[in-house]
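Written out below as structure tokens is the structure these notes cover.
Whatever order the structure lists ligands and atoms in, that order sets their numbers, starting from 1.
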Amino acid sequence: MFQPPDPVRFQEILDDIVDRMRFETERGAAASYIPELADVSLNRCGIAVAPLGGPVLSSGDSAVPFSIQSISKIFSLVLALGHVGAALWQRVGREPSGDPFNSIVQLEFERGKPRNPFINPGAIVVSDIITLKSREAAENHPVLQLCQDLADDHTIYVNENVFQSEVATGDRNRALAYFMLAEGNIECDVRQVTESYFRQCSIEMSCQQLALATRFLAAGGNDKGASRFGVTPERARRINSLMMTCGCYDASGEVAFRVGLPCKSGVGGGIVAIVPGIASLAAWSPGLDEKGNSVLALRAIEELTRRLGWSVF
Ligand code: GLN
């Protein structure tokens with residue numbers, strides 16, 4: 001059984017990792033498709049750990065909100081599974097794609113059924129389900145509401161400027177959605193579905209908030225907050241499996257090799273990692289590698305898990 005280091009030693013390890021990241025010269029490049037992401041300083045770097053049953057530990061820019069982007073695909077998947085259960089898998093697959101997150105080629109070969117819920121077309125089908133089920137429009141976007149509930153923090157918000165920029169630059173995502181509409185895999189209005197998707201991508205959270213909001217996955221479904229949304233132990237295990245195999249786009253194999261944990265990344269530079277039965281982790285630094293994963297957030301998670309011996313293997 002894993003014994004966590006005492007909190008003082010744990011804090012030293014986190015501070016040490018962030019200090020080292022500050023001096024890294026290879027920091028990647030911030031996403032450039034919208035100004036709100038392009039303009040974030042590459043010097044930003046934060047990490048937070050939410051152990052089961054213990055307070056959050058963190059270091060660096062861990063309280064600074066950033067754009068969660070594709071990390072929102074975890075939360076939207078929870079909602080869609082809560083709505084339609086296993087019927088979701090008739091419309092979305094469960095295989096890694098090996099292609100970039102916004103690739104169109106594979107979708108045509110596979111007749112409009114996306115490979116998995118963590119690439120854009122898969123998340124757009126998930127948004128279609130959420131849009132259909134939440135017609136009586138709640139005040140808040142349902143994914144925002146879920147993030148707020150899971151983190152027990154109602155200060156979490158959608159950045160409207162990011163949302164407007166996503167809408168303005170979203171032709172490729174709309175193309176994916178129209179293609180799936182043509183194949184009979186989208187039921188609602190494409191604009192409405194893609195706007196729901198862009199809005200969830202535009203949620204901002206800090207590493208501390210993200211670690212808290214994803215801790216239910218480390219708890220293996222034994223989490224009161226998440227069970228209200230239908231997250232049973234089996235469902236939590238399956239979401240973790242999908243994160244392990246598909247959570248970092250076409251670098252998922254490489255991330256599994258380096259970290260050995262279920263992870264989910266976003267082009268805002270955040271990465272979440274789950275240590276089942278122990279803790280959830282979130283790291284952030286805006287510089288990305290060529291596959292769209294944060295260079296330093298991944299390195300920070302790799303370093304922490306190596307030092308603590310955290311892995312599912
Ligand atoms: N908003 C981005 C997109 O849809 C999110 C992608 C990502 O984080 N990989 O292209």
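- Nearest to atom 7 (C) of ligand 1 among the protein's heavy atoms is S70 OG, 2.7 Å.
- For atom 4 (O) of ligand 1, the closest non-hydrogen atom on the protein side is Y197 OH, 2.8 Å.
- The aromatic rings of Y249 and F101 sit tilted, their planes meeting at an angle between 30° and 60°.
- Any N or O atom pair closer than 3.5 Å counts here, and K73 shares no such pair with ligand 1.
- Of all the heavy atoms of F198, none lies under 4.0 Å from any atom of ligand 1, so neither backbone nor side chain is involved.
- A salt bridge does not link K291 to E254: none of the charged nitrogens lies less than 4.0 Å from a carboxylate oxygen.
- The closest approach between a heavy atom of G266 and any atom of ligand 1 is below 4.0 Å.
- Remark: ligand 1 atoms within the under-4.0 Å shell around heavy atoms of E166 are 1 (N).
- The main-chain N or O of G93 is never found under 3.5 Å from a side-chain atom of R115 such that the two would form a donor-acceptor pair.
- Here the straight-line distance linking atom CG of D128 with atom OG1 of T131 works out to 6.0 Å at 0.5 Å rounding.
- At a heavy-atom distance under 4.0 Å, no atom of N102 approaches ligand 1.
- In the hydrophobic clustering of ILVMFWY residues, with side-chain heavy atoms under 4.5 Å counting as a link, Y197 and V162 come out apart.
- For atom 3 (C) of ligand 1, the candidate residues are I124, N120, N293; the nearest heavy-atom contact is made by N120.
- Heavy-atom proximity to Q69, at under 4.0 Å, picks out these atoms of ligand 1: 1 (N), 2 (C), 5 (C), 8 (O).
- Contacts between R172 and ligand 1 below 4.0 angstrom, taking non-hydrogen atoms only, are absent altogether.
- For C201, every heavy-atom contact with ligand 1 shorter than 4.0 Å involves the side chain, none the backbone.
- In terms of heavy-atom proximity, V267 sits nearest to G292 at CG1-O, 4.0 Å.
- A donor and an acceptor atom, one from each side chain of E166 and Y33, are located under 3.5 Å apart.
- Taking OG of S285 as the reference point, atom CG of L42 lies at 7.0 Å (rounded to 0.5 Å).
- Within a 6.0 Å radius of CZ in R307, more than 12 heavy atoms belonging to other residues, nucleotides or ligands are found.
- Applying the 4.0 Å criterion to heavy atoms of N173 picks out, from ligand 1, the atoms 3 (C), 4 (O), 10 (O).
- Here the heavy atom of the protein found nearest to atom 9 (N) of ligand 1 is Y249 OH, 2.7 Å.
- Near Y33, the atoms of ligand 1 lying under 4.0 angstrom from a non-hydrogen atom of the residue are 1 (N), 2 (C).
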